[in-house]
Trainee: 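I am attaching a structure below and will ask some questions about it afterwards.
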Amino acid sequence: MIATEKTIEEKGWDVGRIREDFPVLGQTVNGKPLVYLDNAASAQVPRIVIERGAKYLREEHSNIHRGVHYLSQRATSAYEGAREKVKRFINAREARECVFVRGVTEGVNLVMHGYGRKLVGEGDEIVVSEMEHHSNLVPWQMLCEEKGARLRVLPMNDAGELILDEFDALLNERTKLVCVGHVSNSLGTINPVKEIVARAHKQGVPVLVDGAQGAPHLKVDVQDLDCDFYAISGHKMFAPTGSGVLYGKAELLEKMNPFLGGGSMIRTVTFERSTYAAIPDKFEAGTPAIASAIGLGAAIDYLNSIDREAAHAHERELLRYATEKLSGIEGVRIIGTAREKASVLGFVIDEVHPHDVGTILDQEGIAIRAGHHCAQPVMQHFGVPATARASFAFYNTKEEVERLAAAVEKVIEVFA
Amino acid sequence: MSELSELYQQVILDHNKKPRNFQKLEGANRVSEGFNPLCGDQLTVYMLMDEGVVRDLSFVGTGCAISKAAASMMTQAVKGKTREEAQVLFDEFHRMVTGELDEEAEENHLGRLTIFAGVRDYPARVKCASLPWHTMHAALEGEETATTENLGPDLTQAAVSE
């Protein structure tokens with residue numbers, strides 16, 4: 001173990017240094033140093049993001065896109081600057097392909113309303129995967145119910161890997177959209193989205209990728225993936241809540257209906273009729289979460305300032321180590337054993353409900369998630385009501401993995 | 001924050017491992033289902049109500065140790081009680097786990113159920129202990145579904161499906 005840690009440090013990953021960037025990590029919980037392993041729910045925010053948001057509120061706060069005055073221009077330029085950063089971060093062709101939304105849920109609902117309600121009709125089909133988060137499942141069920149369309153499910157195997165062999169057979173001339181997560185939030189599986197996109201495109205079907213767990217753990221290149229939509233939640237990638245992005249290919253966004261109606265999204269309004277603004281404004285009705293969007297820009301600056309490859313290697317090593325430690329404890333079963341995984345570790349303990357695991361770990365100062373992770377069909381697949389989930393970020397340490405393992409042993413002791 | 005051992009007392013662990021009245025009740029004339037949509041916990045409470053008395057009570061379902069033990073001990077406590085007595089227990093249990101009833105200072109009928117008092121120090125777990133009681137209460141009222149969904153932080157608003 002020590003040798004491996006050394007190797008990483010030699011490559012330039014100094015986790016102690018990195019932790020200093022995250023003020024929240026320095027506290028104690030229930031008298032013990034906080035071990036934050038709930039990153040897949042919300043990742044922590046580095047100091048430069050906090051300071052950027054505070055600077056906006058202190059010096060620049062104003063409404064955007066409508067003021068001729070100084071502050072409004074500064075706010076607008078910071079907000080649009082953040083959009084430009086997002087564009088480069090995911091390698092979109094143009095900034096106008098990046099629509100600011102509250103998060104993935106809003107992004108998917110935007111596509112459901114703007115694309116789905118316009119272009120999906122009775123008898124048409126939408127394909128989702130079996131491991132989707134409810135945010136990339138429920139909107140499509142709602143659409144199918146409204147339109148009389150059919151929801152089809154790409155299944156997974158017991159390791160939590162999509163069965164791609166069954167994918168082609170799900171596609172036909174009625175298929176209007178394929179919706180798949182880049183990384184499963186409950187299992188950690190990294191899905192072969194590039195391959196899925198290529199196969200869907202062969203049949204002329206566009207693909208929406210839920211990137212909530214992809215963006216924090218993988219290098220995202222939407223042009224390389226060639227996906228048609230890619231949705232991101234800022235709070236899962238070290239930015240404040242209320243920030244998120246829906247990337248869409250310009251030609252698709254242009255032919256879609258608007259989502260919310262109101263200010264900012266119009267060109268002209270009369271009582272007879274309104275015409276809509278060009279993208280992305282067409283989809284950004286009302287005053288957006290300006291401070292959060294600027295914070296997302298700062299989070300991207302932060303990610304660009306660190307060695308992301310070393311960060312991801314460190315996360316992989318934490319996952320490997322945690323998997324080894326927990327698998328070694330009798331009574332622990334890992335849920336999600338795909339070959340390609342991001343640093344998300346779902347597990348269950350024999351005869352102990354995950355909520356009890358969560359409470360006991362919390363007493364040890366360890367934050368994990370316990371529940372169905374907004375993926376009830378995944379729980380049904382594995383025949384469990386819920387799982388415990390530890391999810392790691394690049395600021396976590398091997399000592400924290402050891403504290404997790406010790407606390408899991410304590411749970412077993414309490415319930416023995 | 002109380003000690004962990006106050007939450008996971010031996011009695012609770014025992015009821016979790018060997019829940020009492022944990023089966024479908026043949027001949028039940030009230031059946032009620034409870035859900036906690038936040039965590040996916042689910043239970044069904046079966047009640048045989050006769051002339052205003054809960055003659056028999058049982059449950060099945062999945063949930064954490066707290067909810068399972070709460071359900072198990074509830075069936076023991078409520079069995080044989082009149083509708084009014086069951087209502088009183090429901091109210092008192094509620095007030096205890098939400099911190100509104102000091103079971104040591106104030107008169108109450110909770111008896112052994114006071115071992116759940118520690119739950120009030122774990123706000124995230126209050127719903128676990130309450131769900132079986134809400135579900136039983138729905139059966140008492142002749143309703144079919146209980147949920148912790150609409151309760152919000154103040155769980156004292158009695159019946160869930162109201």
Side-chain angles (χ1 to χ4, degrees), chain A residues 27-32 34 38 41 133-135 138 186 331 335 346 348-389 406-416, chain B residues 1-19 22 33-44 59-73 97 115-132 135 147-149:
Chain A
Q27 65 190 293
T28 57
V29 170
N30 294 323
K32 288 153 189 150
L34 166 67
D38 196 18
H133 186 284
H134 294 166
S135 64
V138 177
S186 54
I335 304 288
V348 292
I349 302 176
D350 283 351
E351 311 288 328
V352 187
H353 193 281
H355 282 187
D356 298 312
V357 179
T359 294
I360 294 174
L361 264 53
D362 181 54
Q363 290 302 294
E364 299 294 312
I366 304 171
I368 60 151
R369 170 91 192 265
H372 54 60
H373 316 290
C374 298
Q376 289 184 4
V378 175
M379 302 298 112
Q380 286 150 18
H381 179 105
F382 288 95
V384 293
T387 66
R389 179 189 71 188
V408 165
E409 298 209 28
K410 182 166 180 180
V411 171
I412 293 171
E413 208 174 287
V414 169
F415 277 83
Chain B
M1 182 63 68
S2 74
E3 284 298 303
L4 201 57
S5 54
E6 283 176 38
L7 182 63
Y8 292 107
Q9 295 192 39
Q10 206 48 52
V11 180
I12 291 178
L13 294 173
D14 174 63
H15 276 266
N16 172 52
K17 215 171 236 176
K18 290 175 296 218
F22 188 62
E33 254 195 294
F35 296 100
N36 183 344
L38 281 179
C39 58
D41 282 2
Q42 179 277 329
L43 88 162
T44 309
F59 79 106
V60 294
T62 56
C64 61
I66 305 300
S67 75
K68 225 166 172 182
S72 171
M73 293 182 69
V97 294
I115 65 161
F116 288 98
V119 170
R120 64 184 164 220
D121 292 327
Y122 298 82
R125 306 306 301 275
V126 170
K127 286 180 175 182
C128 309
S130 326
L131 180 65
T135 313
T147 166
T148 58
E149 199 166 17

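Lettering follows sequence order; numbering is per chain, from 1. Values below: every heavy atom of this structure, side chains too, minus hydrogens, waters and symmetry copies.
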Trainee: Does Y122(B) form a side-chain contact (heavy atoms from CB on, under 4.5 Å) with D362(A)? I'd like the steps, not just the answer.
Mentor: CA-CA 10 Å; Y122(B) 298 82; D362(A) 181 54; 5.9 Å; no
Trainee: If you count heavy atoms of other groups shown closer than 6.0 angstrom to CD of E351(A), is the number above 12?
Mentor: no
Trainee: Counting C-beta onward and ignoring hydrogens, is there a side-chain heavy-atom pair between H353(A) and N16(B) closer than 4.5 Å?
Mentor: no
Trainee: Can you name the closest pair of heavy atoms from R125(B) and H355(A) and give their distance?
Mentor: NH1-O, 3.0 Å
Trainee: Indicate the atoms forming the closest heavy-atom contact of A65(B) with D356(A), along with that distance.
Mentor: N-OD2, 2.5 Å
Trainee: Check whether more than 12 heavy atoms from other residues, nucleotides or ligands sit under 6.0 Å from atom CD of Q27(A), and answer yes or no.
Mentor: yes
Trainee: Heavy-atom distance under 4.5 Å to chain A: side chain of I66(B), backbone, both or neither?
Mentor: both
Trainee: Identify which part of K17(B) has an atom lying under 4.5 Å from any heavy atom of chain A, answering side chain, backbone, both or neither.
Mentor: side chain
